[in-house]
Amino acid sequence: MSDNLLNLQGVQTHIGQYHILHGVDLAIPRGQLTMLLGRNGAGKTTTLRTIMGLWQASQGSITFDGRDITKLPTPEIAQAGIAYVPENMAIFADLTVRENLILAARNGDLDPARLKWIFGLFPALEKFWSLAAGVLSGGQKQMLAIARAIVEPRDLLLIDEPTKGLAPAIIMNMVQAFKELKSTGATILLVEQNFLAAKLLGDHVAVMDDGRVVHRGAMAELAGDAALQQKLLGLSMDAHQ
Amino acid sequence: MLNSILSGDYPRSRPLAILLGLVLIGLAFAPFLFPGSQPLNVAAKICVFVILVASYDLLLGYTGIVSFAHTMFYGIGGYGVAIAMYNFSATWPALGIGIVIALILAILLALLIGLFSLRVRAIFFAMITLAVASAFAILASQLNEITGGEDGRSYRIPEMLRPAFRLFDDPVLGVNINGRILTYYLIFFSALFLFLLALRVVNSPFGRVLQAIRENDFRAEALGYRVVVYRSIANCLSAGMATLAGVLMALWLRYTGPDTTLSFAIMIDILLMVVIGGMGTLYGAVLGAAIFILAQNYLQVLMGQFSGMLESAGIPLLPNLFHADRWLLWLGILFVLSVYFFPVGIVGKLRQLRK
């Protein structure tokens, strides 16, 4: 068994006439949290969507747990064990909190012990259990989107900017929840713009620019090197927390 | 018990529950409460359209699919009965064969249309359904030997459902229980059963996935649901229900023609009923169909009476404005106002008031 759960090799993606990913090489180690950083428009979201099959890779290969998933349709990729949390609080607003979670339970039943654990991470979800998800606050919607991804154990979680647009207090709650999730041995690929959250959570980091991965290494190494941050991201993490 | 019958989907508003109760009682006892052929005709039409509108809402309101082929499936049901009854003897087995063949044809057509067009953009599906429905309407008009062409087909139905049949020698509550009333109750109970079945479908895990797809099909796919499969199943279910509505209407009218089943005007009526009642709520189909059909049948009469009253009171201009001949104008104004004041439909508005 390879140490890497997910491997992207030379992945290229076109959206219409636009060439977005120019050959992404990325390896996601098992049981670790990998941060995917980069400027706006670098191709982070496209990378996640390409892994999920929402946009088809025009070249290159994506292997998940040794299986080539490059050309698989999205539902099969999800059924293979990859959960995806898109950006912008991607919940089903007309359905209740409960219904949102049941949708993600593959056999239609929620495991009470797992649910209790989720309520421990996100207490608001228990409080608003029977309420339409559309009336939740931004932070609660984001919690629900993440809860939906972890309502059953998944091999890999792809999470796109979970802290975007959230108040600092809520962001720290979210960081705490991810720490707990990490402690269960989950494999996570997290796109993040909040550098404090990235520094606190990441084991590994990959930095993207212009549709390519331009840096890979330990998160701690990047967090401690202001010059590297300036070179890769055009700013210093400490100045943008 | 009630929870099981309604599949846990209560009206969730007292005024709405009262209105639905009134419609249910009115339809259940229509032959006794409103004697005469026209009121019974209106009640039967409401029952049929509740099913037709509910089946359309399953597509539009619950799955987010715009189809213009709904009257085609309604027509297939009508022609299934017409062709069977016209060409074979007017017996129950012949009727059964007509219904089964119509259902199979409708579901196969729905599946084919769905598989070819539901995997792409919704607008493409709408265009395809419009083209197929138009082609089907032309085909029904051209296949004179089979369908009766533009004139349609009049036919006999099983003896028990004919007006001359008497179930009892004596009247019940002052009403002779004849074949017409038996046909009405066949329609009423079939409509009730199909409506409760639709309620069960939308409140099942399958219905939940349909609603998720309506909100965001990419998110539903990312959760592992094959959107095209779910949409195709919803399309087939909806087509099957519309076909059965066509069967019921054919039994009631004992006539099937392009104007009563396949016309685009019926498609527009269905759309209006869905919008008036409220999209994405099956109870909206009940209120939308009841209000629309009542207005269609009685607005002209009411306006005539109102105009006469104004005229006898010596008020100028207004009698002309409310003349019975202007009923379509007022019907149109009523629809514009209802969409303006009830953008989420009557059911949506009543539920909002509760909050």
Side-chain angles (χ1 to χ4, degrees), chain A residues 45 48-56 72-110 130-135 141 144-145 147-152 154 156-160, chain B residues 3 7-10 12-13 57-58 60-64 115 118-121 200-234 278-284 343-345 347-348 351-352 354-355:
Chain A
T45 295
L48 295 196
R49 291 179 70 95
T50 305
I51 295 168
M52 278 312 289
L54 290 165
W55 285 321
Q56 283 288 322
L72 286 186
T74 303
E76 272 187 49
I77 294 171
Q79 284 159 13
I82 303 181
Y84 174 49
V85 182
E87 62 181 329
N88 297 329
M89 300 147 195
I91 45 97
F92 297 108
D94 289 346
L95 301 181
T96 64
V97 170
R98 176 182 160 272
E99 287 170 330
N100 264 276
L101 291 184
I102 286 180
L103 267 178
R106 277 172 281 193
N107 63 2
D109 289 324
L110 296 169
S130 300
L131 218 60
V135 303
K141 283 178 185 165
L144 177 58
R148 209 177 49 204
I150 59 172
V151 74
E152 281 184 351
R154 296 283 198 272
L156 173 65
L157 298 173
L158 308 177
I159 304 173
D160 198 355
Chain B
N3 192 53
S7 306
D9 189 352
Y10 291 95
R12 302 203 302 274
S13 151
D57 198 31
L58 189 64
L60 182 66
Y62 283 89
T63 320
L115 288 178
L118 278 174
R119 58 179 71 242
V120 286
R121 287 159 63 98
R200 179 135 302 190
V201 168
V202 299
N203 288 291
S204 67
F206 172 77
R208 217 162 21 232
V209 177
L210 292 186
Q211 290 171 68
I213 289 170
R214 177 196 63 196
E215 272 199 55
N216 193 314
D217 51 353
F218 283 124
R219 277 177 212 161
E221 287 229 318
L223 285 177
Y225 295 105
R226 290 175 178 276
V227 167
V228 69
V229 172
Y230 279 86
R231 279 181 174 160
S232 296
I233 295 172
M279 271 191 279
T281 154
L282 289 184
Y283 293 122
V344 285
V347 170
R351 282 179 171 166
Q352 278 178 356
R354 179 176 172 260
K355 289 169 191 167

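Here is the naming used below: chain letters follow the sequence lines, and residue numbers restart at 1 for every chain.
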Look at [X] together with [Y] and state whether they make a salt bridge at an N to O cut-off of under 4.0 Å.
| X | Y | value |
| --- | --- | --- |
| Asp9(B) | Arg200(B) | no |
| Asp160(A) | Arg49(A) | no |
| Glu221(B) | Arg226(B) | no |

Closest-packed option against chain B by number of heavy-atom pairs under 4.5 Å, given Ile82(A), Leu54(A), Ile77(A):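 Of the candidates given, the most pairs with chain B belong to Leu54(A).
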Top of Leu158(A), Leu95(A), Asn100(A) for chain B proximity - count of heavy-atom pairs under 4.5 angstrom: Leu95(A)
Under 4.5 Å from any heavy atom of chain B - which part of Ala149(A): neither
Heavy-atom proximity to chain B below 4.5 Å, by part of Ala90(A):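 For Ala90(A), backbone and side chain are both near chain B.
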Side chains of Arg231(B) and Leu210(B) in contact at under 4.5 Å (non-hydrogen atoms): no
Distance-only polar pair, side chains of Asn3(B) and Tyr10(B), donor-acceptor under 3.5 Å: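 A donor-acceptor contact under 3.5 Å links the two side chains.
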Selection from Pro205(B), Ala220(B), Ala222(B) maximising heavy-atom pairs under 4.5 Å formed with chain A: Ala222(B)
